[in-house]
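Values below: every heavy atom of this structure, side chains too, minus hydrogens, waters and symmetry copies. Positions are given from 1 along the sequence.
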Amino acid sequence: MIEVKGLTKRYRDVTAVADVTFTCAPGTVTGFLGPNGAGKSTTMRMICGLTPPTAGSATVKGVPYRRIANPGRHVGVLLDAAAQHSGRTGRETLALTARVLGVDAARVDRMLELVGLADKAARRRVGGYSLGMRQRLGIAQALIGDPSVLILDEPANGLDPEGIYWMRTLLRDFAARGGTVLLSSHLLREVEAVADRFVVIAGGRIVAEGAKEDLLSRH
Ligand code: ADP
Ligand code: ADP
């Protein structure tokens with residue numbers, strides 16, 4: 001469960017996010033849609049405690065993200081600056097995430113397989129990865145702690161159509177297990193098949209919100 005209330009972020013001359021309120025319920029995938037610069041990343045960074053809000057609050061599973069003990073075991077996060085060192089292989093990267101989170105190392109290979117980076121790909125250095133491969137690895141890093149909440153910023157970026165289909169299956173499956181998913185995109189077509197609800201942001205403000213059927217029939 002993610003609850004965002006009146007989140008606001010002002011920088012010197014810009015209001016990046018203005019009074020944003022929405023809720024993401026367990027078992028649902030919420031698509032956070034808006035053009036570049038709309039305020040999606042800033043909102044997600046505030047939810048994850050990485051950017052302090054000017055006003056408002058956000059909780060994940062009832063508490064502010066920063067008050068969750070070992071948050072990676074509860075909330076899987078993929079933001080643009082994923083913790084991926086280009087000199088490490090995919091497997092080393094994920095093994096390190098597993099170690100930091102205190103996760104059984106046996107999960108590393110299972111997660112690599114789940115995201116389609118098994119074998120050869122996992123033995124290559126991340127520096128040689130395509131953006132799509134980095135996204136897959138980032139999703140594996142987000143999932144390895146077996147979280148019940150996923151917060152993914154533009155995860156479809158760099159994925160080919162097959163990758164987008166794969167991600168859709170994975171996230172639908174995650175939600176079907178009772179998980180809560182918030183994922184952003186600037187392209188409706190990337191998320192329309194995966195999300196059951198949309199929150200649309202433009203110029204830092206929520207401009208539309210609702211079930212897929214409602215929004216698509218109105219536009
Ligand atoms: P999105 O993720 O939807 O592309 P962002 O949240 O990255 O949008 O940005 C929203 C607005 O806030 C943009 O106008 C952006 O330039 C501005 N912004 C984001 N971060 C900063 C910052 N650190 N300092 C100043 N302005 C920022
Ligand atoms: P089980 O569901 O019995 O745990 P699986 O082999 O299906 O067994 O999954 C093993 C682990 O992999 C799960 O605990 C879960 O954390 C993770 N997993 C599998 N599929 C998904 C998925 N679509 N989304 C997130 N995590 C997954």
Roughly how far, to the nearest 0.5 Å, is the CG atom of Asp19 from the NZ atom of Lys5? 12.5 Å

Can you give me the closest heavy-atom contact between Ile47 and Val4, atom names plus distance? CD1-CG2, 3.7 Å

Kindly give the heavy-atom pair with the smallest separation between Leu33 and His186, and that separation in Å. CD2-C, 4.5 Å

To check you understand the geometry: which heavy-atom pair defines the closest contact between Pro26 and Gly178, and what is its length? CB-O, 3.6 Å

Looking only at heavy atoms, which two atoms of Leu171 and Val29 are closest? And how far apart? O-CG2, 4.0 Å

Let's go through Glu92 and Arg125 carefully: what are the C-alpha distance in whole Å and the side-chain angles of both, what is the deciding distance for salt bridge (charged side-chain N to carboxylate O under 4.0 Å, His left out) to 0.1 Å, and is it a yes or a no? CA-CA 9 Å; Glu92 287 165 353; Arg125 285 174 197 273; 5.9 Å; no

Quick check: closest heavy atoms across Pro155 and Leu183, and the distance to 0.1 Å? CG-CD1, 3.8 Å

Arg45/Asp153 salt bridge by N-O under 4.0 Å criterion: no

Check whether any side-chain N or O of Thr97 sits under 3.5 Å from a backbone N or O of Thr93 as a donor-acceptor pair, and report yes or no. yes

Glu154/Arg134 ion pair, N-O < 4.0 Å: no

Quick one: do Asp173 and Arg177 make a salt bridge, cutoff under 4.0 Å? yes

Arg172 side chain to Val194 backbone, donor-acceptor under 3.5 Å: yes

Is the distance from the ring center of Phe198 to that of Phe32 below 6.0 Å? no

So do the side chains of Asn70 and Leu101 get within less than 4.5 Å of each other, counting heavy atoms only? yes

Applying salt bridge (charged side-chain N to carboxylate O under 4.0 Å, His left out), run through Arg99 and Asp104 and close with a yes or a no. CA-CA 8 Å; Arg99 198 162 348 120; Asp104 183 351; over 6 Å; no

Locate the shortest heavy-atom distance separating Ala142 from Leu152; write the atom from each residue and the value. CB-CD2, 4.4 Å

Report yes if the side chains of Ile68 and Lys61 come closer than 4.5 Å at any heavy-atom pair, otherwise no. no

If we ignore angles and hydrogens, is there a donor and acceptor under 3.5 Å between the side chains of Glu190 and Ser185? yes

